[in-house]
Amino acid sequence: MKQKSIAVVGAAETTKMGRIPDLSVIGLHADAALNAMKDAGLKPSDIDGVATAGASPTELAHYLGITPTYADGTSVGGCSFMLHVRHAAAAINEGLCRTVLITHGESGRSRVGVGGRFGGGGGSSLNGQFEMPYGPSGPPTMFTIPVLRYLKTYNLSVEDLAWVSVIQREWAAKNPRASFRDPITVDDVLNSPMIAWPFRMLMCCLVTDGGGALILTSADRARDFPQKPVYVLGTGESVETQMVSQMEDFTSSKAFRVSGKKAFAEAGIKHSDVDHLMIYDAFAHLPLYGLEDLGFCKPGEAAAFVKERNTAIGGKLPLNTNGGGLSYMHSGMYGMYALQESVRQMRGIAPAQVPGAKISVCHGVGGMFAASGTIVFSNEKS
Amino acid sequence: MPQRMLPEPTPETRHFWEGCAAGELRLQRCAHCAGKSYFPPRPFCPGCGSREVESYKASGKGVLWSYVINMRPRPDMGTEPYAIAVVQLAEGPRMMTNIVNCPQTPEALQLDMPLKVSFSKQNDTITLPLFEPA
């Protein structure tokens, strides 16, 4: 930690204290946040980093109208906010963001709006009030909701989605550890059971068991380790909304765009520098949104890019070379497996190795387009 | 069939649910941001952070923005496939809903078709704002 490099410029508590039956948990966070912003003379649009425990940083950011490039949801109990300050100091010094808002709110006595944590369950959460009553039953019925609008906007068909599944299965066939390795055709995809119109089973990710882990250290120390080091060249992150119905644009993810732009800028690379790409594919439309929102394709052009085999074996932009969530594995939070494949590719040991790959971009999604993180890896020190 | 999953209003959203029970679709708008409407409800403007906001009765009109048809109905939603839809309201905000008085098929559910609100009373406090072809 660099001494005296970071300062607190706004601080406030909730307007009232003690017994506050007229505000829910997220409302307490927001009330304190608005008071702190007033104290600092800032508006929500001046904040580009959020940190909170107990509530989701995604829900907090969207509720307040903040588009962050830094979101910290570290939740380790009552001292979480000390960790948030420490992480925020590192983040600001590192240029991940400039101004971080750290909030707390608990309806400990009145218990108003308790249970909506991470937009999940409670009937008093925003998801619980404004999405769950209409019958969504998990990601296949939520992550998919924007897609008909995307297809209509760009005059595309369900067949265009099917090509994503078909080409990723080709990659999976080269991976002995992939769950599904048998070749499939567009007809196979379009004839698989309907899950949630327009999505059929083979457009949806697997549900499997597994895990993964990474160990990071400084580049200076990395040379002393037995494996070939894989360097972090750039990073990005953002969150948009924990409610898929409240996405700003149904044809594009704001979290993807903000995260990707930041990662490319930090890495100082052009799109043509990228040798290998991972885009978290919980469903077949994710790689299309990713290719466009990361800037590899213009809006509406990713489907043709995939169909023309640019992302396939031998193509100019190898994508999801493990087979992806659609064919390799998906335990629930697949991002770890996307990172593992990027590291394998950078080490040069992937089962479907991209010859001579030097830069890998690994792009993840969280929730239903709620959050995003992008990591640019390189296997060259300089 | 288990009872339908229903919203539990909070102090910040109660005006919305009371509006539905009274047959009004209520949105909020900011006194500053050129009167811009927003949703879901909160006691300040997500555009500028101002607490000077008001609730008003919206037209209840909109168009079908996007949807899926859930082929595996959630147990509390019955046994037939149903559309989970997002309506683009005339006033600007979008909201999730169900489409009623309309076959739950891709042929009948065309994007951009005009819709109007249709309130569905669930119990003494909760009335859901569903939509039907206008």
Side-chain angles (χ1 to χ4, degrees), chain A residues 20-27 30-31 33-34 37-38 42-45 62-66 112-113 115-116 122-126 128-138 140-153 193-199 243-247 250, chain B residues 4-14 16-17 38-51 64-78 81-88 93-99 104-106 109-112 120 122 126 128-130:
Chain A
I20 314 175
D22 58 337
L23 282 178
S24 61
V25 172
I26 189 67
D31 183 47
L34 291 169
M37 282 189 262
K38 189 176 179 191
L42 295 174
K43 286 187 158 51
S45 55
H62 189 250
Y63 201 63
L64 285 166
I66 292 167
V112 183
S124 60
S125 70
L126 290 169
Q129 291 188 66
F130 300 106
E131 290 195 334
M132 295 314 288
Y134 307 109
S137 46
T141 58
M142 300 182 84
F143 226 144
T144 50
I145 280 181
V147 169
L148 285 181
R149 175 56 52 180
Y150 176 85
L151 295 179
K152 178 168 181 175
T153 300
M194 186 67 80
I195 303 296
W197 168 266
F199 277 78
M243 301 172 74
V244 68
S245 64
Q246 300 305 314
M247 280 177 80
F250 275 26
Chain B
R4 182 168 182 162
M5 205 179 284
L6 292 177
E8 295 166 25
T10 59
E12 302 96 324
T13 64
R14 194 157 286 131
F16 178 85
W17 296 112
Y38 64 87
F39 178 87
R42 73 205 83 171
F44 60 91
C45 169
C48 71
S50 167
R51 298 187 197 238
L64 180 56
W65 195 245
S66 203
Y67 68 92
V68 295
I69 302 173
N70 190 358
M71 309 304 285
R72 300 168 157 198
R74 206 171 66 191
D76 62 314
M77 295 292 287
Y82 55 89
I84 304 163
V86 172
V87 59
Q88 166 76 61
R94 296 187 193 122
M95 60 186 290
M96 191 177 278
T97 189
N98 297 123
I99 309 299
Q104 304 292 291
T105 63
L109 295 162
Q110 294 289 329
L111 295 200
D112 298 310
S120 172
Q122 304 292 312
I126 295 301
L128 292 176
L130 308 182

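Note that this is a predicted model, so its numbers are computed, not measured.
A salt bridge is absent between A:Asp31 and B:Arg42; no separation between the charged side-chain nitrogens and carboxylate oxygens falls under 4.0 Å. Ion pairing of B:Asp112 with A:Arg149 is present here, as a side-chain N (NZ or NE/NH1/NH2) and a carboxylate O approach within less than 4.0 Å.
Using a 4.5 Å cut-off between heavy atoms, B:Ile126 does not touch chain A at all. The contact between B:Phe44 and chain A is made entirely by side chain atoms (from C-beta outward), counting heavy-atom distances below 4.5 Å. Neither the backbone nor the side chain of B:Arg14 comes within contact range of chain A; no heavy atoms are under 4.5 Å apart. Proximity to chain B (any heavy atom under 4.5 Å) is restricted, for A:Pro146, to the backbone atoms N, CA, C and O. Of the two parts of A:Tyr63, the backbone and the side chain both hold a non-hydrogen atom closer than 4.5 Å to a non-hydrogen atom of chain B. Residue contact with chain A, scored on non-hydrogen atoms closer than 4.5 Å, involves the backbone and the side chain of B:Pro41 alike. Within the 4.5 angstrom heavy-atom criterion, atoms from both the backbone and the side chain of A:Ser24 approach chain B. Heavy-atom distances place the side chain of B:Tyr82, and not its backbone, under 4.5 Å from chain A. Only the backbone of A:Val147 comes within contact range of chain B, judged by heavy atoms closer than 4.5 Å. Using a 4.5 Å cut-off between heavy atoms, B:Pro75 does not touch chain A at all. In this structure, chain B has no heavy atom under 4.5 Å from any part of A:Met37. When heavy atoms are compared at a cutoff of 4.5 Å, A:Pro21 approaches chain B solely by way of its backbone atoms N, CA, C and O.
For B:Thr97, there are no side chain to side chain donor-acceptor pair (under 3.5 Å) partners two or more places apart in sequence or in a different chain. B:Arg74 pairs by the side chain to side chain donor-acceptor pair (under 3.5 Å) definition with B:Asp76, not counting sequence neighbours.
The candidate with the highest count of non-hydrogen atom pairs below 4.5 Å against chain B, out of A:Ile66, A:Leu151, A:Thr144, is A:Thr144. Ranked by heavy-atom pairs under 4.5 Å with chain B, the first of A:His62, A:Gln246, A:Met194, A:Lys38 is A:Gln246. Top candidate by heavy-atom pairs under 4.5 Å with chain B, chosen from A:Gly135, A:Gly27, A:Gly65, is A:Gly135. Most heavy-atom pairs under 4.5 Å with chain B: of the set A:Pro133, A:Pro44, A:Ala196, this distinction falls to A:Pro133. Counting heavy-atom pairs under 4.5 Å between each of A:Asp22, A:Val244, A:Leu34, A:Leu126 and chain B puts A:Leu34 at the top. Each of B:Gly47, B:Pro129, B:Pro93, B:Pro43 has some count of heavy-atom pairs under 4.5 Å with chain A, and the biggest count is that of B:Pro129. Of the listed residues A:Leu64, A:Val112, A:Ile26, the one with more heavy-atom pairs under 4.5 angstrom with chain B than any other is A:Leu64. Heavy-atom pairs under 4.5 Å with chain A peak, among B:Leu6, B:Val86, B:Leu111, at B:Leu111.
Shortest non-hydrogen contact noted between B:Pro9 and A:Gln129 is CA-OE1, 3.6 Å.
The closest side-chain heavy-atom distance from A:Leu23 to B:Pro11 is not below 4.5 Å. A heavy-atom distance below 4.5 Å is not found between the side chains of B:Trp17 and B:Glu8.
Using modelled atom types, no side-chain atom of B:Ser50 and backbone atom of B:Cys45 make a donor-acceptor pair closer than 3.5 Å.
Residue A:Lys152 qualifies as enclosed at atom NZ: its count of foreign heavy atoms under 6.0 Å is above 12. In this structure, B:Arg72 places its CZ atom where only 12 or fewer heavy-atom neighbours from other residues, nucleotides or ligands lie under 6.0 Å away.
Classified by interplanar angle (parallel below 30°, tilted 30° to 60°, perpendicular above 60°), the ring pair A:Phe130/B:Phe16 is perpendicular.
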Under the side chain to side chain contact (heavy atoms under 4.5 Å, CB included) criterion, do B:Tyr67 and A:Trp197 qualify, and how do the steps go? CA-CA 8 Å; B:Tyr67 68 92; A:Trp197 168 266; 3.8 Å; yes
